[in-house]
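Data block below; observations after.
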Amino acid sequence: MKKICTVVGARPQFIKLAVVSRVLRTRFQEVLIHTGQHYDYNMSDVFFREMDIPHPDYNLGISGGTHGKMTGQMIIEIEEVLLKEKPDMVLVFGDTNSTMAGALAAVKLQIPVCHIESGGRIGTLDNPEEVNRIVTDHVSSLHFVCNPSCIEHMVKEGFTDSYYLVGDPMYDAFLYYSSRLDGSELQKLTDFSGRPVSVPERFYYMTCHRQENTDTDEKLDQIFQAMEMLPYPAIYPVHPRNHDRAQRLVLANHYRNIILTQPVGYITSIALVNRAERIVTDSGGLQREAFFARKPCVTVFNYVCFPETIANNCNQMARPDKEDIFTKLNANVVFDNDYQPFGDGHSAEKIVKKIGEFLL
Ligand code: UD1
Ligand code: UDP
């Protein structure tokens with residue numbers, strides 16, 4: 001049986017791993033390497049438990065620090081594992097530092113790299129994930145593209161016959177786990193002290209964690225001010241990057257419409273998506289899930305990541321400016337129920353089939 005080493009490290013990768021690994025293990029031996037980039041219980045373990053993801057074979061415990069330090073240390077330690085395991089392929093997801101480190105460690109050992117979520121581009125190297133996307137794509141042998149607009153980028157960068165449009169594993173996960181919700185999920189929300197949070201009947205769901213939006217107080221505060229103007233409260237599970245800032249701003253400004261909670265597991269997150277009035281986020285995953293659930297979304301970011309989601313105001317890009325966010329949250333939105341550019345919910349099967357053909 002051929003051996004595949006999968007490298008993951010961050011929350012969105014655990015979600016994609018859950019659906020891909022389930023199919024991958026029917027045909028291949030998978031060795032799972034967790035870099036440790038995300039490590040809090042509710043940023044890592046909760047996903048493995050709730051989504052039945054196999055326990056990692058290696059956890060390298062590498063997190064925090066500068067991009068260079070984190071990535072460099074990951075390359076060193078992933079290389080050691082790859083030298084020991086001698087896999088036939090290394091599989092990476094998305095655009096985090098763990099993705100790029102896994103790809104670079106593998107290609108230097110002449111192990112073919114398979115990149116899931118290839119071809120996303122926003123057009124600026126100021127975005128740390130863009131660097132990871134470009135480098136990973138260019139050292140990979142097999143590219144899986146989630147949505148049609150990514151093909152243009154692949155073609156522009158000279159890729160010809162190594163990419164496959166298979167749909168989005170995030171959509172696979174959304175369908176699979178949404179059908180298993182039992183209505184108890186929102187009882188799991190807890191505040192920063194671990195006390196249960198009472199969930200209002202109607203609410204907005206917000207997240208904010210991108211480096212670009214968390215470098216100063218100003219941007220998060222503009223988002224909070226927009227949420228304060230809304231008729232219902234906003235539930236905000238706070239990424240650890242923003243924990244102290246969010247708490248300080250809410251207390252100092254006496255914001256009453258913002259419910260801060262600890263980060264939640266995926267199952268609770270999609271329950272929030274399905275129940276929310278609208279969504280405000282800077283997350284790549286959440287803006288797609290809003291689209292999957294037919295919920296209007298405002299994405300606080302200067303660049304369009306998923307052009308397919310923006311027709312008819314379904315997903316509007318906003319500046320970190322309270323008026324801009326508020327106006328867009330009140331826009332008229334029309335979903336075309338027949339338009340589903342993220343596949344059919346079976347991308348994992350297509351990915352595994354192609355890997356099989358590649359490794360023949
Ligand atoms: C990373 C990815 C980003 C992705 C996000 C998903 C990169 C460059 N960025 O950003 O693309 O959208 O994950 O959530 O790889 N921290 C904790 N506990 C944790 C995890 C992180 O306290 O469990 C702290 C870290 O110590 C660090 C900060 O949060 O100080 C940021 O973490 P990091 O992994 O560097 O970046 P993310 O913002 O999570
Ligand atoms: N998510 C989660 N718990 C949270 C916030 C988000 O499970 O507290 C999920 C969300 O539903 C989406 C994914 O995490 O599936 C997105 O991850 P994140 O926003 O951290 O990263 P990005 O997608 O921007 O890379």
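Atoms within a ligand are numbered from 1 in the order they appear, just like the ligands themselves.
Close approach of ligand 2 to Phe47 is summarised as follows: ligand atoms under 4.0 Å from at least one heavy atom of the residue are 7 (O). With ligand atoms numbered from 1 in the order given, ligand 2 contributes 7 (O), 15 (O) to contacts under 4.0 Å with heavy atoms of Tyr266. Counting the atoms of ligand 2 from 1 in the order shown, those under 4.0 Å from a heavy atom of Gly285 are 22 (P), 23 (O). Listed by number with element, the atoms of ligand 1 under 4.0 Å from a non-hydrogen atom of Met70 are 35 (O). Of all atoms in ligand 2, numbered sequentially from 1 with element shown, those under 4.0 Å from a heavy atom of Pro237 are 8 (O). Listed by number with element, the atoms of ligand 2 under 4.0 Å from a non-hydrogen atom of Pro263 are 8 (O). In summary, the atoms of ligand 2 found under 4.0 Å from a heavy atom of Tyr205, numbered by their order in the structure, are 5 (C), 6 (C). In the vicinity of Gly265, heavy-atom distances shorter than 4.0 Å reach the ligand 2 atoms 7 (O).
When side chains are defined from C-beta on, Gln287 counts as touching Met317, because their heavy atoms get closer than 4.5 Å. The shortest distance between side-chain heavy atoms of Ile4 and Pro87 does not fall below 4.5 Å. The shortest side-chain heavy-atom distance between Val46 and Tyr41 falls under the 4.5 Å cut-off.
Of the residues listed (Asp191, Asn42, Asp40), the one engaging Gln262 in a side chain to side chain donor-acceptor pair (under 3.5 Å) is Asn42, and it is the only one.
Side-chain contact of Ser118 with Asp137: a donor-acceptor pair under 3.5 Å is present, judged by distance alone.
By the 3.5 Å distance cut-off applied to N or O atoms, Gly284 is counted among the residues near ligand 2. For the pair His209 and ligand 1, the shortest N or O to N or O distance falls below 3.5 Å. Not one N or O of Met170 is nearer than 3.5 Å to an N or O of ligand 2, by distance alone. For ligand 2, the polar-atom distance check finds an N/O of Glu289 within less than 3.5 Å of one of the ligand's N/O atoms. Note: no N/O pair closer than 3.5 Å links Ile15 and ligand 2 by distance alone. For ligand 1, the polar-atom distance check finds no N/O of Asn132 at less than 3.5 Å from any of the ligand's N/O atoms. The shortest N/O to N/O separation between Ser283 and ligand 2 falls below 3.5 Å. Taking any N or O of Ser269, backbone or side chain, at least one lies under 3.5 Å from an N or O belonging to ligand 2.
Taking atom 3 (C) of ligand 1 as the reference point, the nearest protein heavy-atom neighbour is Glu129 OE2, 3.1 Å. Distance from atom 18 (N) of ligand 1 to its nearest protein heavy atom, with residue and atom name: Asp40 OD2, 2.9 Å. The nearest protein atom to atom 30 (O) of ligand 1, hydrogens excluded, is given as Gly64 CA, 4.6 Å; this is a heavy-atom distance. Nearest protein heavy-atom neighbour of atom 32 (O) of ligand 1: His239 CE1, 4.3 Å. Counting protein heavy atoms only, atom 8 (C) of ligand 1 is closest to Asn97 OD1, 3.3 Å. Arg11 NH1, 3.2 Å is the protein heavy atom nearest to atom 4 (C) of ligand 2. For atom 17 (C) of ligand 1, the closest non-hydrogen atom on the protein side is Tyr39 OH, 3.0 Å.
At a heavy-atom distance under 4.0 Å, atoms from both the backbone and the side chain of His38 approach ligand 1. Proximity of His239 to ligand 2, defined as any heavy-atom pair under 4.0 Å, is not found for any part of the residue. Residue contacts with ligand 1 for Pro12 involve side-chain atoms from C-beta outward but no N, CA, C or O (heavy atoms, distance under 4.0 Å). Neither the backbone nor the side chain of Gln211 has a heavy atom within less than 4.0 Å of ligand 1. Within the 4.0 Å heavy-atom criterion, neither part of Glu129 lies near ligand 2. Contacts between Phe301 and ligand 2 below 4.0 angstrom, taking non-hydrogen atoms only, are absent altogether.
Sorted by first and then second residue, the ring-ring contact (aromatic ring centres under 6.0 Å, His included) pairs with a member in residues 245-265 read Phe224-Tyr255; sequence neighbours excluded.
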Original post:
So Glu357 and Lys353, salt bridge (charged side-chain N to carboxylate O under 4.0 Å, His left out) or not? Walk me through it.
Top reply: CA-CA 6 Å; Glu357 290 166 13; Lys353 185 162 177 271; 3.7 Å; yes
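Judged by distance alone, the side chain of Asn132 and the main-chain N or O of Asp95 form a donor-acceptor pair under 3.5 Å. With hydrogens and angles ignored, the 3.5 Å screen pairs a side-chain donor or acceptor of Lys295 with a backbone N or O of Asn274. Remark: the backbone N or O of Phe342 is not paired with any side-chain donor or acceptor of Asn147 at under 3.5 angstrom. Between the side chain of Arg275 and the main chain of Glu201, a donor-acceptor pair closer than 3.5 Å is present. Proximity of a side-chain donor or acceptor of Arg27 to a complementary backbone N or O of Val23 within less than 3.5 Å is not detected. Listed for the Glu130 side chain is no donor-acceptor partner under 3.5 Å among the backbone atoms of Leu125. Of the possible polar contacts, none joining the Glu185 side chain to the Ala271 backbone as a donor-acceptor pair under 3.5 Å is found.
A distance of 6.0 Å or more separates the ring centres of Phe47 and His38. Aromatic rings from Phe306 and Phe291 are positioned such that their centres are separated by 6.0 Å or more.
Summarising the contacts of atom 34 (O) of ligand 1 with Arg133, Gln37, His243, Met100, the nearest heavy atom is found in Gln37. Around atom 31 (C) of ligand 1, the closest heavy atom drawn from Gln13, Arg210, Arg241, His67 belongs to Arg241. Considering Pro12, Ala10, Cys305, Ala290 only, the shortest heavy-atom separation from atom 21 (O) of ligand 2 involves Pro12. In this structure, of Val264, Ile235, Asp95, the residue bringing a heavy atom nearest to atom 2 (C) of ligand 2 is Val264.
The shortest non-hydrogen separation linking Thr281 to Thr207 is OG1-OG1, 2.6 Å.
Taking the ring centre of Tyr176 as origin, the terminal cationic atom of Arg180 falls inside the region bounded by 6.0 Å and 45° from the ring axis.
Residues Ile259 and Leu249 do not share a hydrophobic cluster, clusters being chains of Ile/Leu/Val/Met/Phe/Trp/Tyr side chains in contact below 4.5 Å.
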